[in-house]
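I have placed the structure first, in the form of structure tokens, so that the comments after it can refer back to it.
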Amino acid sequence: MISIQHLSKSFGETQVLRDVNIDVSKGEVVVVLGPSGSGKSTMLRCINLLETPTGGRIFIEGEEITAPGTDVNKLRERVGMVFQQFNLFPHLTAKGNVMLAQQRVLKRSADEAERVAMEQLERVGLADRADFRPAQLSGGQQQRVAIARALAMDPHVMLFDEATSALDPELVRGVLDVMRGLADAGMTMVVVTHEMGFAREVADRVIFMADGVIVEEGAPAQVFDNPQSARTRDFLGHIS
Ligand code: ADP
Ligand code: MG
């Protein structure tokens with residue numbers, strides 16, 4: 001589903017990613033862990049070309065997206081992304097937020113966009129909040145609207161970049177439950193998170209990154225209970 005081959009990325013003189021190789025199968029959930037500044041966000045952003053890689057190649061469903069002439073809008077339909085910040089339009093309702101890109105980008109009719117929006121709001125447990133504006137919703141509910149907005153585009157892959165990091169602790173669970181439901185439904189997901197419980201229970205594979213390289217990867221039980229590298233042990237020791 002995703003093949004990242006020898007990915008590197010520099011900002012000016014600073015090399016942020018070095019020879020990163022990751023393959024993700026259809027339906028697989030990969031959780032990426034690592035200290036702040038290790039390049040996790042940059043790696044995710046390269047997968048939907050929010051950043052342009054400096055070197056290496058990335059394939060989505062067999063198609064090289066790093067080749068010249070890639071249709072970035074088409075790519076982002078297939079690869080949904082959820083950020084720490086929800087970035088909802090404050091003047092639109094939850095439903096309006098979920099409808100917008102469907103109409104603008106996918107050219108769906110208002111009726112069709114509304115039908116899909118209600119279906120996805122139902123899926124994230126917010127059908128009863130469809131007509132609320134973001135300011136009338138909790139942070140967790142806003143993030144679930146952002147997830148519904150991404151899902152409404154019928155993505156084949158979902159990327160999550162610290163989707164719960166901006167939330168009050170009591171609101172984290174609801175968002176993680178939605179993500180777990182997606183995983184159970186077979187969505188291919190790459191998830192950057194500090195939620196170790198989620199990583200342990202939901203991930204098929206855990207990747208530990210530091211300083212722009214993959215230090216270690218494996219099944220969650222292996223990485224958490226028997227980390228091979230001192231760097232991983234140190235990180236896990238500090239976080240739990
Ligand atoms: P993480 O998500 O693991 O915290 P990031 O991918 O956000 O790490 O950042 C990795 C490094 O790249 C950091 O040193 C950060 O300062 C740098 N960086 C990220 N984006 C930019 C940018 N647009 N311009 C310059 N440096 C950047
Ligand atoms: Mg980050």
Side-chain angles (χ1 to χ4, degrees), residues 2-24 29-58 60 65-66 70 72 75-76 79-88 139-140 142-143 146-147 150 155 157-169 171-172 175-176 179 189-200 202-203 205-218 220 223-224 227 229-240:
I2 307 174
S3 181
I4 300 175
Q5 304 178 1
H6 307 292
L7 173 65
S8 64
K9 174 68 181 174
S10 300
F11 293 105
E13 301 281 275
T14 316
Q15 187 159 20
V16 169
L17 297 173
R18 272 179 292 158
D19 196 25
V20 170
N21 295 281
I22 302 175
D23 285 289
V24 184
V29 178
V30 173
V31 166
V32 181
L33 308 175
S36 180
S38 54
K40 306 180 300 295
S41 294
T42 303
M43 190 271 292
L44 278 192
R45 292 166 62 83
C46 283
I47 300 177
N48 68 359
L49 296 181
L50 285 172
E51 300 289 356
T52 308
T54 321
R57 302 163 82 186
I58 300 176
I60 304 283
I65 63 158
T66 40
T70 294
V72 172
L75 168 67
R76 293 188 191 144
V79 182
M81 186 152 175
V82 175
F83 303 87
Q84 186 172 330
Q85 301 305 331
F86 332 120
N87 302 317
L88 300 177
Q142 290 181 59
Q143 187 61 296
I147 294 172
V157 172
M158 285 285 286
L159 311 175
F160 291 87
D161 192 0
E162 300 201 28
T164 59
S165 293
L167 301 178
D168 291 334
L171 302 178
V172 168
V175 173
L176 292 180
M179 292 167 63
M189 296 165 53
V190 182
V191 181
V192 173
T193 185
H194 296 295
E195 294 291 332
M196 297 300 146
F198 178 88
R200 193 185 268 277
V202 181
R205 184 152 48 103
V206 170
I207 292 177
F208 176 69
M209 280 181 73
D211 297 332
V213 301
I214 294 176
V215 174
E216 181 162 353
E217 66 180 300
V223 173
F224 287 120
S229 117
R231 194 78 207 264
T232 314
R233 277 196 296 278
D234 188 49
F235 175 78
L236 294 173
H238 278 101
I239 208 148
S240 53

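Predicted model, so just to flag it, every value in this text is computed and none were measured. Both ligands and their constituent atoms are indexed starting at 1 by order of listing. Below, each value reflects all heavy atoms present in this structure, side chains not excepted, and no hydrogens, waters or symmetry copies.
- Within the sub-2.8 Å shell of the Mg ion (ligand 2), the protein contributes these N/O/S atoms: Ser41 OG.
- The side chain to side chain contact (heavy atoms under 4.5 Å, CB included) with Ile207 is formed by just one residue from the set Val30, Val192, Val215; it is Val30.
- For ligand 1, residues of the protein lying within 4.0 angstrom by heavy-atom distance are Phe11, Val16, Pro35, Ser36, Gly37, Ser38, Gly39, Lys40, Ser41, Thr42.
- Between Phe83 and Ser165 the shortest side-chain heavy-atom distance does not fall below 4.5 Å.
- Residue Glu195 is tested with Thr164, Val175, Val202 for a side chain to side chain contact (heavy atoms under 4.5 Å, CB included); the sole match is Thr164.
- For Asp211, the salt bridge (charged side-chain N to carboxylate O under 4.0 Å, His left out) partners two or more places apart in sequence, or in a different chain, are Arg231.
- Checked by atom type and distance alone, the side chain of Glu216 pairs as donor or acceptor with a backbone atom of Ser229 at under 3.5 Å.
- Listed by first then second residue, pairs satisfying side-chain hydrogen bond (donor to acceptor under 3.5 Å, both in side chains) with a partner in residues 6-15 read His6-Asp19, not counting sequence neighbours.
- Here the CD1 atom belonging to Ile65 is positioned 6.5 Å from the OG1 atom belonging to Thr70, to the nearest 0.5 angstrom.
- A distance-only check finds no donor-acceptor pair linking the side chain of Lys40 to the backbone of Val32 [under 3.5 Å].
- Put simply, the side chain of Arg200 never gets that close to the backbone of Pro220: no donor and acceptor are under 3.5 Å apart.
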